[in-house]
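A note on names: the letters A, B, ... follow the listed sequences, proteins ahead of strands, and every chain is numbered from 1. All figures in this text were calculated on a predicted structure; none of them were measured in a lab.
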Amino acid sequence: MELVFAIVSGVLYATGLYLMLRRRLAQIIIGLGLLSNGTNILIFAAGGLTRSNPPVIPPGELEPIAPYADPVPQALILTAIVIGFGVLAFTLVLAHRVHQSLGSDDVDDIRSEGSA
Amino acid sequence: MTLVLPIIVPLCTAVVLLLAPAKPAQQRWIAFTGSFAQLAAALVLFLQVQQQGYVVAQMGDWPAPFGITLVADVFSSMLVVAVGIVGMAACAASFGGVDPRREAYGYHPLLQILFMGVAGAFLTGDLFNLYVFFEIMLMASFVLMALHRTNDQVAAAFNYVTINLLASAVFLTGLGLLYGSAGTLNMADLAAVWPSRHEPGLDLVLAMLFLTAFGIKAALFPFLFWLPASYPLPPAPIGAVFAGLLTKVGIYALIRVFSLLFRDGSPWPLTLLLWMSIATMLLGLIGALSQRDFRRVLAFNLIGHIGYTTIGLSIGTSAAMAGSLLYLAHHILVITTLFFVSGILLQLRRTTDLAALGSLYRDHPWTGVIALIPMFSLAGLPPLSGFIGKLAVLRGTFGAGFYVTGAVVLVVGLLTIVSIARLWDEAFWKPATKPAVAPTPSRPLMVPVVALSLLIVGMTVGAEPLFRMTTRAADQLLAPQDYIRAVLDSGLGRGR
């Protein structure tokens, strides 16, 4: 199972980085999204993939039932997903703004307009 | 309690600003009061840390490795005070330096959120929390940068956003792998557990991931090209805050993470960091000499001098580290002041292109004299704070036997003098080709410049206690056992 997750996350990183190196803004944004999802899957897999009980204490007990999944990576991913979602929404708006003001979604046009 | 205040106060100020009527005068006063309160809270924390060494708070009273820890040592409390100072200066400058459009679209609350993110990043004791505060700070800076319709600024904002999100993804990758192996993200707990584990491969991978992520944020070579493309564009108060604070958060994270986690690991990442610092210094100053715009020269100077602040970490002796930290404090003040000066130039001449500037000294002698203080200080002319900072760095490098690095520090110091002399000559001394637009610099921009220049003079006068303080901060960083004990013990003592 770890192998599948490792491959999936590796593929997401690779495609994400490839897309970020492309010239069109939309592709860069999709690349960012894939990259952050690849990271999430990596955290999930690194946190340990086990078929065990949810880390919830049943009524009347003091501890969760013995082999239980680590809740921290899931909390981390949840936070990372929320942040990634917000950031992605912002980048989309920003790309729209760039397209509005430059009339182009090509990174090379941004370069020649900008003072870099 | 004192630990929470520097983070909570700007948050509350931002909320009040959003609720308050959108009249510029009221917004400005609320923001100014909020920044003053943050500075006061930071100073209280600073004094407390001076007495106790470490101040630790466990959020929600969860004992240390499980809950979120806030912790301040001398280094972080010093930087939080710098946040307060830069914040107050920016809010004072906002009384006259921002366009009405920006103010109507949430400029003041965003600035406060930015201060909250920066202060939080300095004070947190949890690595994932550091990521979250990074994102808060970045989000605020993204919007502040993009809050404008001119093509240059929107395009620069897109580049800035992309490169910073890439850095965040790299940081998060490192976090995930670290958690998977160590099972904790509390920095003190990690520092206690991680260096004793013998996983040299993973250790090296993580060190490189963190070096890349924080290197991008700190604009170290080879990740520095986004900075001069984006920092010179926003108006003076925003540029000053970005230049003064944002790259410093990257440096702080670099120093914190490496001094805690990778202190006994492979020496290669630190050697690499040393070469990166040297390349950053040389490239930054060569870039500064090739530029023809006041603000772009400043941006390249900013990059070049970032190298000084990372040398100490890579050499790793107390003297070198103390020198770098002193330089960091000086650098925040000076570069912020100079970005405000660029705002004054922009107001007086509507441009910062060096070819179009000139005869400012003839027209505004007092502005010229006051601008000389931060400029000479950046150039490192004695007796100003830049000279003392450079001297401390040099003593650290030569004392540790790093002669090549020391030589580069000297050469870069010389290049800085050339670059600053050229700035002064072109902007203030040579006869202008174009007539002045505004008759006098507006008071809201002059106040922070004068106040910060006085602080720079103050740093010069009070150099000895300051150096003693950064030496203490460096000793704390180099002996993390006390940090670990302070965080973990306080959790057990109060949580049970």
Side chain to side chain contact (heavy atoms under 4.5 Å, CB included) evaluation trace for A/Ile28 with B/Phe158:
CA-CA 10 Å; A/Ile28 294 175; B/Phe158 195 84; 4.3 Å; yes
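Neither the backbone nor the side chain of B/Ile136 comes within contact range of chain A; no heavy atom of the residue lies under 4.5 Å from a heavy atom of that chain. Contacts between A/Ser36 and chain B at a heavy-atom distance below 4.5 Å are absent for every atom of the residue. In this structure, chain B has a heavy atom under 4.5 Å from the side chain of A/Leu17, while its backbone stays farther away. The contact between B/Phe128 and chain A is made entirely by side chain atoms (from C-beta outward), counting heavy-atom distances below 4.5 Å. Using a 4.5 Å cut-off between heavy atoms, A/Leu76 contacts chain B through both its backbone and its side chain. Contacts between A/Ala95 and chain B at a heavy-atom distance below 4.5 Å involve backbone atoms as well as side-chain atoms. For B/Tyr131, the part sitting under 4.5 Å from any heavy atom of chain A is the side chain, from C-beta outward, and nothing else.
With no hydrogens or angles considered, a side-chain donor-acceptor pair links A/Tyr13 and B/Thr173 at under 3.5 Å.
A/Met20 contributes atom CE, which lies 4.5 Å from atom CG of B/Leu166 (distance to the nearest 0.5 angstrom). Atom-to-atom distance recorded for B/Thr162:OG1 and A/Ile29:CD1 is 8.0 Å, nearest 0.5 angstrom.
Qualifying side chain to side chain contact (heavy atoms under 4.5 Å, CB included) partners for A/Leu21, counting only residues two or more places apart in sequence or in other chains: none.
Each of A/Ile83, A/Thr79, A/Val82 was scored for a side-chain contact (heavy atoms from CB on, under 4.5 Å) with B/Glu135, with one residue passing: A/Ile83.
No more than 12 heavy atoms of other residues, nucleotides or ligands shown are found within 6.0 angstrom of OH on A/Tyr68. Annotation for A/Arg24: atom CZ does not count as buried by contact number, only 12 or fewer foreign heavy atoms lying within 6.0 Å.
Under the 4.5 Å side-chain criterion, counting only non-hydrogen atoms from C-beta, B/Phe142 is not in contact with A/Leu94. The side-chain heavy atoms of A/Asp70 and B/Tyr179, taken from C-beta on, include a pair separated by under 4.5 Å. The shortest side-chain heavy-atom distance between A/Ile43 and B/Leu175 does not fall under the 4.5 Å cut-off.
The greatest number of non-hydrogen atom pairs below 4.5 Å with chain B, out of A/Val72, A/Ile77, A/Thr91, A/Asn40, is found for A/Val72.
Between B/Gly176 and A/Ala46, the closest heavy-atom pair is O-CB, 3.5 Å. The minimum heavy-atom distance between B/Ala169 and A/Leu35, with the atom names listed, is CB-CD2, 3.7 Å.
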